[in-house]
Visitor: 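Below: one structure in structure tokens.
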2 protein chains.
Amino acid sequence: MTIDLLSRTKCSECPIRHRAVCAHCSGDELDVLEQLKSYKTFKAGDPILWRGDTLTFVASLVQGVATLGKTMEDGRTQMVGLLLPSDFIGRPGRSQIDFDVVAVTDVTLCCFQRKPFEALIASTPHVAQRLVEMALDELDVAREWMLLLGRKTAREKIATFIHMLVQRQHLGGAEIAQQALVLPLTQEQIANYLGLTLETVSRQLGAMKKEGILQFSDRRRFEVVDFPALHLATGDDSDGGMLV
Amino acid sequence: MTIDLLSRTKCSECPIRHRAVCAHCSGDELDVLEQLKSYKTFKAGDPILWRGDTLTFVASLVQGVATLGKTMEDGRTQMVGLLLPSDFIGRPGRSQIDFDVVAVTDVTLCCFQRKPFEALIASTPHVAQRLVEMALDELDVAREWMLLLGRKTAREKIATFIHMLVQRQHLGGAEIAQQALVLPLTQEQIANYLGLTLETVSRQLGAMKKEGILQFSDRRRFEVVDFPALHLATGDDSDGGMLV
DNA sequence: AATATTCCTTGATTTAGATCAACTATGACA
DNA sequence: TGTCATAGTTGATCTAAATCAAGGAATATT
């Protein structure tokens, strides 16, 4: 029996896309997980994991938004990742993490004990293979962000961030732009994600509003009115930005 | 038979530390690799892989230094990784890369065809497991660099870079500081790694020389005279910086 | 409905680092 | 041993974004 394990394909029975983690979708070899499944919820603002914590579980984010962040002693913080629904939290083979995971909105996780999960990996090579690919995907994202943090201007950073949100929104299978999007973070959090200050984020968003690239209906809800202009503003290759 | 696959432990018969990749050290199940092993060499400055290239092999870097870099259309570049001896190049399950790999010095790679290597992974779960861990290690490094790029000052960036060099030098098993180190990159390359300009790198290195933290015998060869001061200058936690 | 808090905006000012511009040291190579 | 190219230095100037400072708008709390 071959299953597309840990794919990003949405499971028809539950909101989780990582099918190996989602017990609803498990194949014969994954039945063991069913018994270990548990849901955890966190309130907006709650810490999910602190830097240095011992990891006892791996999880799939079912609902909500969480951030991975690093903080320096003097308070400077840098987000190193953003977790949206369907994202995987876990470091198979690792017992510690080197950053904080914080719930930005109310968050629901579908959790599995780490030990049995690792036992599963140890016995099923194609699950392990899929996990390598997932880790490499995350690595690609991290490296793309390194280019952003090291070399992009404030405007390019903001444009890239919005562009990424649009792309992720459409991964789920929704149709093309011109539809309402939501900023999942406050402007201060966006600033921490982009290596900027909140004032700069406000000014740049304001400028894009004024230029007619974005249109806000609400403090958080907006549309991309001029997608080509948005893509141009990212500074990325002129080819790679098409939807679909 | 249990082998410490893909560990960073140095093989006694060759300079490669990833034992699964180093055919000298292979166990029974790895004999297949012996036949596929081949060495490739590159001159300083040679491209090893271009962004978008199809990957036909995985490899271990035996000798020399190479960089992983991203370049924007207007020429801005950001290095997203540094490959030193014992580092692994390869993306099992991935056929393309999204950055350039360039030899900084003369480079020797120990290469294996990707397909047979992936077949090996598919049949031996603990190799796959080790690869997950390696990818997660790289991810940790990338995220540490995100903090550096997004939030650290020029001085902190330089100090962190030197600090990292010292740490890596000592991973091999050498004794404590106060010994000659070599900058593996030009100041322009360091600038591209740290999200700075070459002038800023020059000025900051000059300042640390003047302050008696570093001492250069040569343009490239130097010693860390005041390691505590170096560590302090990184801006990192006051605890985590000890050698050993 | 009034009050407090959190989030966002906008302006004035400062500054770290970029940019521009010579110039110097170091090898490399003929 | 001199010429060339590459790498590094050093100074003057500029600027993007940070910082400082005040308000204002939305949301939550009483």
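Excluded from the calculations below are hydrogen atoms, water molecules and symmetry mates; all remaining heavy atoms, backbone and side chain alike, are included. Proteins get letters first, then strands, A, B, ... in listed order; numbering begins at 1 in each.
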Visitor: Please say whether more than 12 non-hydrogen atoms of neighbouring residues, nucleotides or ligands are located less than 6.0 Å from CD in A:Glu199.
Guide: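 Atom CD in A:Glu199 is packed in, count exceeds 12.
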Visitor: Using the ring of each side chain (for Trp, its six-membered ring), is B:Tyr193 parallel, tilted or perpendicular to B:Phe161, with breaks at 30° and 60°?
Guide: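 Aromatic pair B:Tyr193/B:Phe161 classed perpendicular.
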Visitor: Please tell me if B:Lys209 has a side-chain N or O lying less than 4.0 Å from either OP1 or OP2 of D:dT9.
Guide: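 Affirmative; the distance criterion is met.
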Visitor: I want to confirm an ordering. Mapping B:Arg203 and A:Gly206 to their closest nucleotides on DNA chain C, which one lands closer to the 5' end?
Guide: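 Whichever sits nearer the 5' end wins; that is A:Gly206.
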Visitor: Between D:dG8, C:dA18, D:dA17, which nucleotide has the shortest distance from any of its atoms to the side chain of B:Thr200?
Guide: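 Among D:dG8, C:dA18, D:dA17, the one nearest the side chain of B:Thr200 is C:dA18.
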Visitor: Go through D:dT19, C:dT10, D:dA17 for me and flag the one nearest to the A:Leu196 side chain.
Guide: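 Comparing D:dT19, C:dT10, D:dA17 against the side chain of A:Leu196, the answer is D:dA17.
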Visitor: Heavy-atom count check: over 12 atoms from other residues, nucleotides or ligands less than 6.0 Å from B:Glu211 CD?
Guide: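 Atom CD in B:Glu211 is packed in, count exceeds 12.
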Visitor: For A:Gln204 and for B:Leu198, locate the closest nucleotide of DNA chain D by heavy-atom distance; then report the residue assigned to the nucleotide nearer the 5' terminus.
Guide: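 Counting from the 5' end, the first nearest nucleotide belongs to B:Leu198.
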Visitor: Between B:Asp218 and B:Arg220, is the closest basic N to carboxylate O distance under 4.0 Å?
Guide: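 Here B:Arg220 does not pair with B:Asp218 in a salt bridge, since their nearest N and O are not under 4.0 Å apart.
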Visitor: Quiz question: going by heavy-atom distance under 3.5 Å, is there a donor-acceptor pair between the base of C:dG17 and the side chain of B:Arg155?
Guide: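 It does not, because no donor-acceptor pair links the side chain of B:Arg155 to the base of C:dG17 below 3.5 Å.
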Visitor: To the nearest Å, how far apart are B:Arg151 CZ and C:dA16 C1'?
Guide: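 Result: 15 Å.
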Visitor: When you measure from every atom of DNA chain C, which of residues 212-222 of chain A have a heavy atom less than 4.0 Å away?
Guide: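 Residues of residues 212-222 of chain A under 4.0 Å from DNA chain C: A:Arg219, A:Arg220.
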Visitor: To the nearest Å, how far apart are B:Ile190 CD1 and D:dA7 P?
Guide: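 So the CD1-P distance, B:Ile190 to D:dA7, works out to 12 Å.
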Visitor: Taking the six-membered ring of B:Phe112 as reference, does the cationic atom of B:Lys37 (NZ for Lys, CZ for Arg) lie under 6.0 Å from its centre and within 45° of its axis?
Guide: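 No, a cation-pi geometry is absent between B:Lys37 and B:Phe112.
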Visitor: Please state whether the base of C:dC7 and the side chain of A:Gln189 form at least one donor-acceptor pair under 3.5 Å?
Guide: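 Side chain to base: no pair below 3.5 Å.
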Visitor: Should the pair A:Glu144-B:Lys70 be classified as a salt bridge under the 4.0 Å nitrogen-to-oxygen rule?
Guide: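 Judged by the 4.0 Å cut-off on N to carboxylate O distance, A:Glu144 and B:Lys70 do form a salt bridge.
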Visitor: Return the nearest nucleotide to the side chain of B:Thr186; candidates are D:dA12, D:dA7, D:dT19.
Guide: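 The listed nucleotide nearest to B:Thr186's side chain is D:dA7.
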Visitor: Between C:dT10, D:dA17, C:dT19, which nucleotide has the shortest distance from any of its atoms to the side chain of B:Glu199?
Guide: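 Closest nucleotide among those given: C:dT19.
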Visitor: Are there over 12 heavy-atom neighbours, none belonging to B:Gln96, within less than 6.0 Å of that residue's CD?
Guide: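 Yes, enclosed.
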